[in-house]
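Counting begins at 1 with the first residue of the sequence.
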Amino acid sequence: VIWRVWLLSGNGSVDAHILRGLQAMTDGRNEEALAAFTKATETQPDFAEAWNKRATANYLLGRYEASVLDIQKTLELEPRHFGALSGLGLINLVLGREREALKAFEAARQIHPFLPGSETHIRELREKIRGRGI
């Protein structure tokens with residue numbers, strides 16, 4: 001339910017950009033999705049979910065640092081956005097930043113205790129970090 005609420009900007013033009021971006025992402029047209037989400041952020045810069053979707057498109061394109069910047073903007077606008085925190089965890093995993101990944105997943109789970117996959121990520125990261133004495 002929260003995902004549906006997050007997707008509603010209250011602006012028909014922005015919502016249309018988001019829907020076009022989601023369809024493009026579903027079809028694997030991630031550059032097109034990024035362009036649609038960028039238009040949404042430009043039209044309504046205070047709409048957190050537009051930034052989060054743009055972060056997802058950047059992630060799918062392998063543009064991890066750009067994705068992190070979009071996640072930071074998402075969290076600035078909506079600090080309890082567990083999806084953005086989880087995405088930050090995934091990016092940090094890909095980049096080998098295990099401590100940062102663990103911190104992001106733990107923060108996401110604090111907000112959403114039943115977030116799918118978070119328990120596994122947290123357990124595996126804690127074991128991996130503990131095993132290295134970090």
Undergrad: Ignoring hydrogens and angles, tell me if any N or O in the side chain of Thr56 forms a donor-acceptor pair with the backbone of Asn52 under 3.5 Å.
TA: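 Flag set: sc Thr56 to bb Asn52 pair under 3.5 Å.
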Undergrad: Main chain of Ser13, side chain of Asn11: is a donor-acceptor contact present, judged purely on distance under 3.5 Å?
TA: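 Yes, the answer is positive, given that a donor and an acceptor are paired below the 3.5 Å cut-off.
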Undergrad: Would a 4.5 Å heavy-atom cut-off, applied to side chains only, mark Lys73 and Glu76 as touching?
TA: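 Heavy-atom side-chain distance check passes, below 4.5 Å.
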Undergrad: Under 4.5 Å between side-chain heavy atoms, chaining through other members, with only Ile, Leu, Val, Met, Phe, Trp and Tyr counted: pull out the rest of the cluster around Trp51, sorted by chain and number.
TA: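 Members alongside Trp51: Leu77.
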Undergrad: Gly87 and Ile71: which non-hydrogen atoms are nearest, and at how many Å?
TA: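 Answer, listing the atom of Gly87 first, then Ile71: C-CD1, 3.9 Å.
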Undergrad: Is any side-chain heavy atom of His121 closer than 4.5 Å to one of Leu90?
TA: yes
Undergrad: How would you list, by chain and number, every residue that makes a side-chain hydrogen bond (donor to acceptor under 3.5 Å, both in side chains) with Arg20, sequence neighbours excluded?
TA: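 Arg20 satisfies side-chain hydrogen bond (donor to acceptor under 3.5 Å, both in side chains) with His17 only.
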Undergrad: Would you say the side chain of Leu95 lies within less than 4.5 Å of the side chain of Glu65, judging by non-hydrogen atoms?
TA: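 Answer yes - side chains close enough.
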Undergrad: Does Phe82 belong to the same Ile/Leu/Val/Met/Phe/Trp/Tyr cluster as Leu93, with side-chain heavy atoms less than 4.5 Å apart forming each link?
TA: yes
Undergrad: Side chains of residues 34-42: which donor-acceptor pairs under 3.5 Å do they make with residues two or more places apart or in other chains?
TA:
from, atom 1, to, atom 2, distance (Å)
Thr38, OG1, Leu34, O, 2.8
Thr38, OG1, Arg54, NH1, 3.4
Thr41, OG1, Thr38, O, 2.7

Undergrad: Grouping I, L, V, M, F, W and Y whenever their side-chain heavy atoms are under 4.5 Å apart, do Ile111 and Ile91 come out in a common cluster?
TA: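 Cluster IDs for Ile111 and Ile91 match.
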Undergrad: Could you tell me the separation between the CG atom of Leu102 and the CG atom of Leu125, rounded to the nearest 0.5 Å?
TA: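 Separation between the atoms: 5.5 Å.
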Undergrad: Mark yes or no for whether Ser67, through its side chain, and Arg63, through its backbone, hold a donor-acceptor pair below 3.5 Å.
TA: no
